[in-house]
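The structure under discussion appears below in the form of structure tokens.
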Amino acid sequence: MKAVKVGLLGLGTVGGGTATVLKRNAKEIARRAGRGIEIDFIATLEPERAAELGVENIRLTKDAYEVVNDPDIDIVVELIGGYSPAKELVMQALENGKHVVTANKALIAIHGDEIFAKAQEKGLVVAFEPAVAGGIPIIKALREGLSANSVEWLAGIINGTGNFILTEMRDKGRDFDDVLAEAQALGYAEADPTFDVEGIDAAHKLSILSSIAFGIPLQFDKTYTEGISKITQEDVAYAEELGYRIKHLGVAKRTDKGIEQRVHPTLIPERRLIANVDGVMNAVLVKGDAVGATLYYGAGAGDEATASAVIADIVDVTRALTTDPENRVPHLAFQPDALSDTPVVGMDDIETAYYLRMSAKNEAGVLAEVTRVLGQQGISIEAFIQKEPRKGETDVDIILLTHVVNEGNMNSALEQIAALDVINGEATRIRVESLS
Ligand SMILES: NC(=O)c1ccc[n+]([C@@H]2O[C@H](COP(=O)([O-])OP(=O)(O)OC[C@H]3O[C@@H](n4cnc5c(N)ncnc54)[C@H](O)[C@@H]3O)[C@@H](O)[C@H]2O)c1
Ligand SMILES: N[C@@H](CCO)C(=O)O
Ligand code: NA
């Protein structure tokens, strides 16, 4: 059978890794796919990269529409990133009857419904394994391997850049901006790195995971999103003293009120495996009612690690070319007409434990005032540290760990604590996940 012809859009970190791995492992990949897979046409704004990668003999263009409109291309692989022109190119590829593979989580999280509807109408596949947790086959695990389960919750470290920054801050006391610059140089970060450090990239990925786990529409706009930019060295050290690690997590959980869908820094007990996932590595824990807890671990970003997922999708699509469209795995795991309207719950209704750090005047009775406010909201304390004033300062740090409480009650307590004369400014709040 003749080789499947791939059109590559973008030859950056992931595009370059894809070209390299497809070339290196061509024979083995063909044995798996049932036929050869050949990059036939590449759109790139940096044609000089082609020679560096040893793919200068492949047709090149600066106009991505030439690839999308080329009748010889079977599969379009979108590795440009961002919303536009990525969306228009993907829609045009589908219109032209081409299957699509994309690493673009922003595109799928925001425009996935429209893109999948078009693919459905045309009997085509849109595959996006590289979009979530890089090289880890988490989409496949959730969509296929766990399809017997009612998923109870999932929680994951799903931004490699953010995890790399937190790890370097903890292990080497390095400066935030310095580590971010290194993550950018290594090709881990998004074109706009605020997407990484403010949690937006993780929220894109979480809304995709949540849809696949619970059979609900993509709802990025309802995902609570908080990044790591406010985490200080002190918080990292105090958490450690209490037996926890700070990790940036995406959490999706089924509750009586609906689906919790939230991305924020969390304290995780240090004995948990996921608390020890460091650097650019990602990990996703999924709790199914039948299988129990399962953990998926691997590189969340990087050229060849991400290419691993891109090529796995190309192989899947190659196999799907011979399958009846009616019998293909649905894009979001559940059949498109069987999505449920279970709501995503507001943050006031979630329940977790909390780490609180506040700066207080070094006076008698401060703690009594704080515990009175917490007590009025029904919040009880699990652990407590009070530090001596730092050299040359009079104020003291108070660190509290609470039991599991309602976030609405916690918000009321935090407002009252901020208003106390003995407390300076607002308390820092980091949610705690026991993950059991
Ligand atoms: N870098 C990673 O580790 C990683 C991991 C998973 C997913 N992703 C996703 O993969 C996608 C690509 O990321 P990347 O890190 O490879 O980015 P990148 O910036 O390294 O590469 C993007 C490439 O697209 C090219 N490009 C831009 N506009 C173009 C156009 N109109 N036509 C043709 N080429 C164009 C750029 O010149 C660049 O070479 C993004 O959606 C990103 O979120 C990246
Ligand atoms: N910028 C992303 C790339 C992988 O999706 C990250 O750091 O996780
Ligand atoms: Na993946």
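In each ligand, atom 1 is the first atom listed, and ligand 1 is the first ligand listed. Along the sequence shown, residues carry numbers from 1.
- Looking at Glu415 and Asn411, their side chains never bring a donor and an acceptor atom within 3.5 Å of each other.
- Each of the following atoms of ligand 2 lies closer than 4.0 Å to a heavy atom of Lys205: 2 (C), 4 (C), 5 (O), 6 (C), 8 (O).
- Ligand 1 has at least one atom lying under 4.0 Å from a heavy atom of Lys105.
- At a threshold of 4.5 Å between non-hydrogen side-chain atoms, the residues Asp316 and Lys140 count as touching.
- Here Ile136 reaches the Na ion (ligand 3): one of its N/O/S atoms is less than 3.0 Å from the metal.
- Polar contact check, Glu46 against ligand 1: a nitrogen or oxygen pair lies under 3.5 Å apart.
- Taking a cutoff of 4.0 Å between a charged side-chain nitrogen and a carboxylate oxygen, Arg143 and Glu129 do not qualify as a salt bridge.
- Metal site remark for the Na ion (ligand 3): Pro137 contributes no N, O or S atom at a distance under 3.0 Å.
- Per-residue contacts place Asp196 under 4.0 angstrom from the following atoms of ligand 2 (heavy atoms of the residue considered): 1 (N), 2 (C), 6 (C), 7 (O).
- Taking the six-membered ring where the residue is Trp, the centroids of Tyr355 and Tyr244 are separated by 6.0 Å or more.
- The nearest protein atom to atom 7 (O) of ligand 2, hydrogens excluded, is given as Thr161 OG1, 2.6 Å; this is a heavy-atom distance.
- Using a 30° and 60° split on the angle between ring planes, Tyr83 and His111 fall in the perpendicular class, above 60°.
- Here is the list of ligand 2 atoms found below 4.0 Å of a heavy atom in Glu190: 1 (N), 2 (C), 3 (C).
- Under the 4.0 angstrom criterion for non-hydrogen atoms, Ile80 is in contact with ligand 1.
- Salt-bridge check for Lys253 with Glu152: failed, with every basic side-chain N at 4.0 Å or more from each acidic carboxylate O.
- With a heavy-atom cut-off of 4.0 Å, Asn282 does not touch ligand 2 at all.
- Within a 4.0 Å radius of atom 17 (O) of ligand 1, the protein has no heavy atom.
- On a distance-only criterion, Ala64 and ligand 1 share no N/O pair closer than 3.5 Å.
- At least one N, O or S atom of Val132, from either the backbone or the side chain, sits less than 3.0 Å from the Na ion (ligand 3).
- Between Ala189 and ligand 2 there is a heavy-atom distance shorter than 4.0 Å.
- Checked by distance only, ligand 1 and Pro85 stay at 3.5 Å or farther apart across all their nitrogen or oxygen atoms.
- Here Arg59 pairs with Asp70 in a salt bridge; the nearest charged N to carboxylate O distance falls below 4.0 Å.
- A donor atom on one side chain and an acceptor atom on the other are not found under 3.5 Å apart for Thr223 and Gln219.
- Set against the non-hydrogen atoms of Ala43, the atoms of ligand 1 under 4.0 Å away are 33 (C), 34 (N).
- At least one heavy atom of Gly302 sits closer than 4.0 Å to an atom of ligand 1.
- Close contacts between ligand 2 and Asp201 involve ligand atoms 2 (C), 8 (O) [criterion: under 4.0 Å to a heavy atom].
- Scanning for side-chain hydrogen bond (donor to acceptor under 3.5 Å, both in side chains) contacts around Thr323 gives an empty result, with sequence neighbours left out.
- Among Gly300, Gly160, Gly134, the residue whose heavy atom lies nearest to atom 4 (C) of ligand 2 is Gly300.
- Here's the thing with Gly187: one of its N/O atoms is less than 3.5 angstrom from an N/O atom of ligand 1.
- The backbone and the side chain of Thr13 each have at least one atom closer than 4.0 Å to an atom of ligand 1 (non-hydrogen atoms only).
- Here the rule is side chain to side chain contact (heavy atoms under 4.5 Å, CB included) with Leu356, and of Leu414, Leu401, Ile399 only Leu414 fits it.
- Of all protein heavy atoms, the one lying nearest to atom 5 (O) of ligand 2 is Lys105 NZ, 2.4 Å.
- Checking only distances, Glu190 does come within under 3.5 Å of ligand 1, N or O to N or O.
- Angle subtended at the Na ion (ligand 3) by Glu129 O and Gly134 O: 90°, rounded to 10 degrees.
- Using a 4.0 Å cut-off between heavy atoms, Pro130 contacts ligand 1 through its backbone alone, with no side-chain atom that close.
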